[in-house]
Structure formats: structure tokens, C-alpha cells
Amino acid sequence: MDMVESMVRSKLTDAKIKGLSRPGVYADGAGLYLRVHQGGSKSWFFIYRRRGVRREIGLGGFAGTAPVTLATARRKADDMRDMLANGQDPFAARQAAKTTPTFAEVAKRLIEAKRDDWTPKTEKEWRVHLLEHASKLGKLTVDMVGTEAIESALLPIWKKTPATGQRVRGKIEAVLDFAAVKKLRAEGDNPARWNGHLEHVLSAASRTTGANHEAMPYKVVPAFIKELGDDAAEQCLLFTILTAVRSGEAREAVPDEIDINAKLWTIPPERTKTDKPHIVPLSDAALAVIAARPAGKFLFEGATKDRPIGNAAMRLVMADKRPGVTVHGFRSSFRDWAGEETDYPREIAEWSLGHKVGTAVERAYRRDTALKKRRDLMVDWATYCEGK
């Protein structure tokens, strides 16, 4: 049974604490204590018993650079009592938290993982940007790095040199993506992302740096594709580009959705933004990507069997190869190419992106004809992407 040392609470007051000078231990109740040290300094600690083992956990000093007030100490003690009531061990939780690496440690791991692909100049830039310019984040455990901490780290740089600030931001984003891939922090929206997030708090810099350009110009897409390797994340990115679909639709693709003979991929309604099935004509280049994938529940599986790669894996590829360019931006690249380099009707390009065009009657009437034209468009896009 989990027990605190005493269930009597609130014995101490702010006035009483300030008047304490004699060294000793003073109880506030329900496991919360204040220790007065020789010399007059004061610190809080919490005592409880779990499975017959007595534990004492420090909660911080009453004064100093980061003072813990009586109210704060009580809140911390309440949190630990809640953990005990839910069958959790506060001491074990604190020890587990200590094993989470800091932002600086994860940054060094990322640099070490990528250094063979970089020039010495590139490696030096990453070290300076992450370990010096972003040093405010260095001691935080990587799972605790959030928007406020990132903004605080970036603002001084941004005010002085916005272009450097943007490059540092991109590298912070890469570190957090790397941490998510390594299961060191939860997957999800990256707090260092620009579009729809930091652009709102660092908006002045966007006018200076052009940081809001998320799409890769279509004219450089063929050269970019040649840089992609054979791992799941880079092959999924290639497949996403060739099919012009949303990244989530590609990441979660399963073999049963693919009709190899008909060269069609049918994305079910539960996985599309429109809640309607989206039929994607597959070029030979897209089919070649599928053919090269190992057998599995998903076409693009991550480190965990029968699980698709996470979105962070693809973002990390982009952060490494083209900081500032998003995976979603390749849909804009495709749309710009179709509009500027081909004579296909606008509706065909929009349908290829899974957008709704016209009324339901018009869409039903033109569906068969549109599919043939969309197939031709996707074949031409793949040919262009391959540099032919």
C-alpha cells in the first residue's frame, strides 16, 4: 500500500517559514516537509512509502534563482499524491525522466548520424547553429522542448540576423523530427515548424527571408528526386511526389489498395480529405516503387513491424536535404508544372490532386473520360520527374 508520512495538512504559513531559522525539519503535512539547513537556507522535500520502501524526493529550494514557494511546493506534493493514488511511483517516474536525453545530446546524435554525408563545413555549421545559437535549448530534455522555449531561443538571433535565425529554426525542427523517429518524444506536430505555426510569432522575418515558400519549384524536382535513396522514408517521399497525393495517404497505403494489372490505386474514403474514394492512376515509375517494397501490411513500414512510417520520418528527409520545403509542397509543384508546362485542362489537374471540381452530376458524367486524361497526365508527370 502507498502511504504518505502524515495526512494532516497545511501546518506551515508563509510568515512562519520566513521566521524559521533553527536547523531542522518542519512538516506541512501529508508528506510535505521543509528542511532548514545550517546557514539558514531552506528546501522542500516529499516523503512517502511504497511497498514498504520509504522514499524522499526533493522539490527545490524556498529561495534562490528558482524559488519554490509554499503554494508551489504544495502543488508539487499534490501531483505526487495523485500519482500514488493512481498506482504510480513518483520516484520511478523521476528516474525515468532522467534517462531522456537533452536537446544538445540528441543534436549531437543527429550530427553524428549525418556527418558521413556532409562536408566538414556543413558539419561545423550544424554544430554552431544547434549547440551555440540554440544553446538555450541544450539542457532541456528533448521531450520538453516546446514552442515557448524555441521562440525564446530564436528571437535574439532573429532580431539580429533573420536569415541565420531561419536556418537555425530548420535545424531545430530536424532535431525534433529525429527525436520523434527515435521514440525520444511523441510524434505529432513539430513545435519548430514554420508554416501555420512559428510564422505567426516570427512573422516579420518571413518578409525578409522568404521563409514562407514551402513548395519546391517544379523545375528542380527532377534533380531532387535523383538524391533520394532506397530507405522507406525516401521511397515513400518519391511515391508521394509521383502520385501527387497527400503524405498521409502515401504513408498508410496498403497492398490491397493497389490494382497492379489496372495500374490503379484506390484510396478509401476514410483516408481522404474529401471523405470520398480517390482513384490514382499509377505510372510505371510509381509501380516500380511499389514493386521494390518488401512484403508487409503497409507499403512503407517503419522500424516497427506492421506499422507505417511516421510523418516525422519524411519531414526529417526534407529538413536534411531541403530545409524549409515541405512534403505537402510537392502537390503545389505538380500543380504549377501542369498549369505552366502542359495543355491539360485545369479540372484534370485538380481531380488528380483529389480536389472536388464541378457539381456531383458533372463529376459523374465526366468520371470515365477524366480518368484516362488523368492517367496521361500522371505518366507525363513521372516522365518529367525522371528527367526524360
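With rounding to the nearest 0.5 angstrom, the CG atom of Asp177 is 12.0 Å from the CD1 atom of Ile172. Atom CG of Leu264 is separated from atom CD1 of Ile279 by 6.5 Å, given to the nearest 0.5 angstrom. To the nearest 0.5 Å, the span separating OH on Tyr384 from CD1 on Ile225 amounts to 9.5 Å. Atom CD of Glu234 is separated from atom CG of Leu316 by 9.5 Å, given to the nearest 0.5 angstrom.
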Pair Glu257-Arg271, salt bridge (Lys or Arg N to Asp or Glu O under 4.0 Å): steps then yes or no | CA-CA 11 Å; Glu257 296 172 355; Arg271 295 208 302 105; 2.7 Å; yes

For Arg169 and Glu173, run salt bridge (Lys or Arg N to Asp or Glu O under 4.0 Å): C-alpha distance rounded to whole Å, both residues' side-chain angles, the deciding distance at 0.1 Å, then the answer.
-> CA-CA 6 Å; Arg169 182 208 61 78; Glu173 184 177 13; 2.9 Å; yes

Give the C-alpha distance, both sets of side-chain angles, the deciding distance and a yes or no for salt bridge (Lys or Arg N to Asp or Glu O under 4.0 Å) between Glu56 and Arg35.
-> CA-CA 12 Å; Glu56 178 177 320; Arg35 178 177 282 117; 3.3 Å; yes

Derivation and outcome, side chain to side chain contact (heavy atoms under 4.5 Å, CB included), residues Lys171 and Val168 = CA-CA 5 Å; Lys171 292 178 176 66; Val168 174; 5.8 Å; no

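Judged purely by atom type and a 3.5 angstrom limit, Glu125 has no side-chain atom pairing as donor or acceptor with the backbone of Lys121. Of the possible polar contacts, one joining the Gln235 side chain to the Gly229 backbone as a donor-acceptor pair under 3.5 Å is found. The closest donor-acceptor contact from the side chain of Thr141 to the backbone of Thr100 lies at 3.5 Å or more, if one exists at all.
The closest side-chain heavy-atom distance from Val289 to Leu242 is below 4.5 Å. Leu371 is listed as a side-chain neighbour of Pro281, based on a closest heavy-atom distance under 4.5 Å. You'll find the side chain of Phe62 stays beyond 4.5 Å of the side chain of Pro67, heavy atoms only. With contacts defined as side-chain heavy-atom distances shorter than 4.5 Å, the pair Arg374/Trp351 qualifies. Side-chain contact between Val145 and Leu176 is present, with heavy atoms from C-beta onward closer than 4.5 Å. Residues Met318 and Thr326 are not in side-chain contact: their nearest non-hydrogen atoms beyond the backbone lie 4.5 Å or more apart. The side-chain heavy atoms of Tyr48 and Pro90, taken from C-beta on, include a pair separated by under 4.5 Å. Counting heavy atoms from C-beta outward, Met314 and Thr240 have side chains that approach closer than 4.5 Å.
Under the 3.5 Å distance criterion, with hydrogens and angles disregarded, no donor-acceptor pair is assigned to the side chains of Thr164 and His133. A donor and an acceptor atom, one from each side chain of Tyr344 and Asp380, are located under 3.5 Å apart. Side-chain contact, His328 with Ser247: no donor N or O sits under 3.5 Å from an acceptor N or O.
Clustering ILVMFWY residues whenever any of their side-chain heavy atoms sit less than 4.5 angstrom apart, transitively, puts Val317 in the very cluster that holds Ile309. No continuous path of hydrophobic side-chain contacts links Val280 to Val379 [ILVMFWY only; heavy atoms under 4.5 Å]. Note: the hydrophobic cluster containing Met144 does not contain Leu130 (ILVMFWY, side chain heavy atoms under 4.5 Å, direct or indirect links). Linking Ile, Leu, Val, Met, Phe, Trp and Tyr residues whenever their side-chain heavy atoms come within less than 4.5 Å leaves Leu287 and Val254 in two separate clusters. Hydrophobic clustering of Ile, Leu, Val, Met, Phe, Trp and Tyr side chains at less than 4.5 Å, counting indirect connections, unites Leu299 with Ile260.
Of all heavy-atom pairs spanning Ala180 and Ala186, the tightest one is CB-O, 4.3 Å. Pairing each heavy atom of Glu249 with each of Thr272, the nearest pair is OE2-CA, 3.7 Å. In terms of heavy atoms, Thr102 sits closest to Gly138 at CB-O, 3.1 Å. What you find for Ala232 and Phe300 is that their closest heavy atoms are O-CD2, 3.8 Å. Closest of all the heavy-atom pairs between Gly170 and Ala319 is O-CB, 4.4 Å. Taking both residues in full, the closest heavy atoms of Val325 and Ala215 are given as CG1-C, 4.4 Å, listed atom of the first, atom of the second, then distance.
Scanning for side-chain contact (heavy atoms from CB on, under 4.5 Å) contacts around Leu353 gives Ala244, Arg331, Phe334, Arg335, His355, with sequence neighbours left out. Under the side-chain contact (heavy atoms from CB on, under 4.5 Å) criterion, Thr304 pairs with Arg307, not counting sequence neighbours. With sequence neighbours excluded, the residues forming a side-chain contact (heavy atoms from CB on, under 4.5 Å) with Val36 are Leu20, Tyr26, Lys42, listed by chain and number. Shown here are the side-chain contact (heavy atoms from CB on, under 4.5 Å) partners of Arg109, two or more places apart in sequence or in another chain: Pro101, Phe178, Leu184. Taking Asp336 as the reference, nothing meets the salt bridge (Lys or Arg N to Asp or Glu O under 4.0 Å) condition, with sequence neighbours excluded.
Here Asp284 pairs with Lys263 in a salt bridge; the nearest charged N to carboxylate O distance falls below 4.0 Å. Ionic pairing of Asp28 and Lys11 is not present here: no N-O contact between side-chain nitrogen and carboxylate oxygen is shorter than 4.0 angstrom. Using a cut-off of 4.0 Å between Lys/Arg side-chain N and Asp/Glu carboxylate O, Asp78 and Arg81 are scored as salt-bridged. Ion pair Glu386/Lys226 not flagged as a salt bridge, since none of the NZ, NE, NH1 or NH2 atoms sits closer than 4.0 Å to an Asp/Glu carboxylate oxygen. Contact check on Lys136 versus Glu151 returns no salt bridge, with no Lys/Arg side-chain nitrogen under 4.0 Å from an Asp/Glu carboxylate oxygen. The pair Arg193-Glu199 fails the salt-bridge criterion, with no side-chain N (NZ, NE, NH1 or NH2) lying under 4.0 Å from an Asp/Glu carboxylate O. At a threshold of 4.0 Å, the pair Arg115-Glu112 counts as salt-bridged, since one of the basic side-chain nitrogens sits closer than that to a carboxylate oxygen. Salt bridge Glu123/Arg127: present, at least one basic N to carboxylate O contact under 4.0 Å.
For the pair Arg55 and Phe91, the cation-pi criterion (under 6.0 Å, within 45° of the ring axis) is fulfilled. Annotation: cation-pi pair Lys76/Trp44 absent, no NZ/CZ under 6.0 Å from the ring centroid and within 45° of its normal.
Around atom CD of Glu340, more than 12 heavy atoms belonging to other residues, nucleotides or ligands sit under 6.0 Å away. Counted within 6.0 Å of CG on Asp306, heavy atoms from surrounding residues, nucleotides or ligands total more than 12; the atom is thus considered enclosed. Surrounding NZ of Lys18 are at most 12 heavy atoms belonging to other residues, nucleotides or ligands under 6.0 Å away.
Annotation: Tyr218 is not in aromatic contact with Phe224 [ring centroid separation under 6.0 Å not met].
Within the structure, every pair that satisfies the ring-ring contact (aromatic ring centres under 6.0 Å, His included) test and touches residues 264-291, not counting sequence neighbours, is listed here: Phe239-Trp265.
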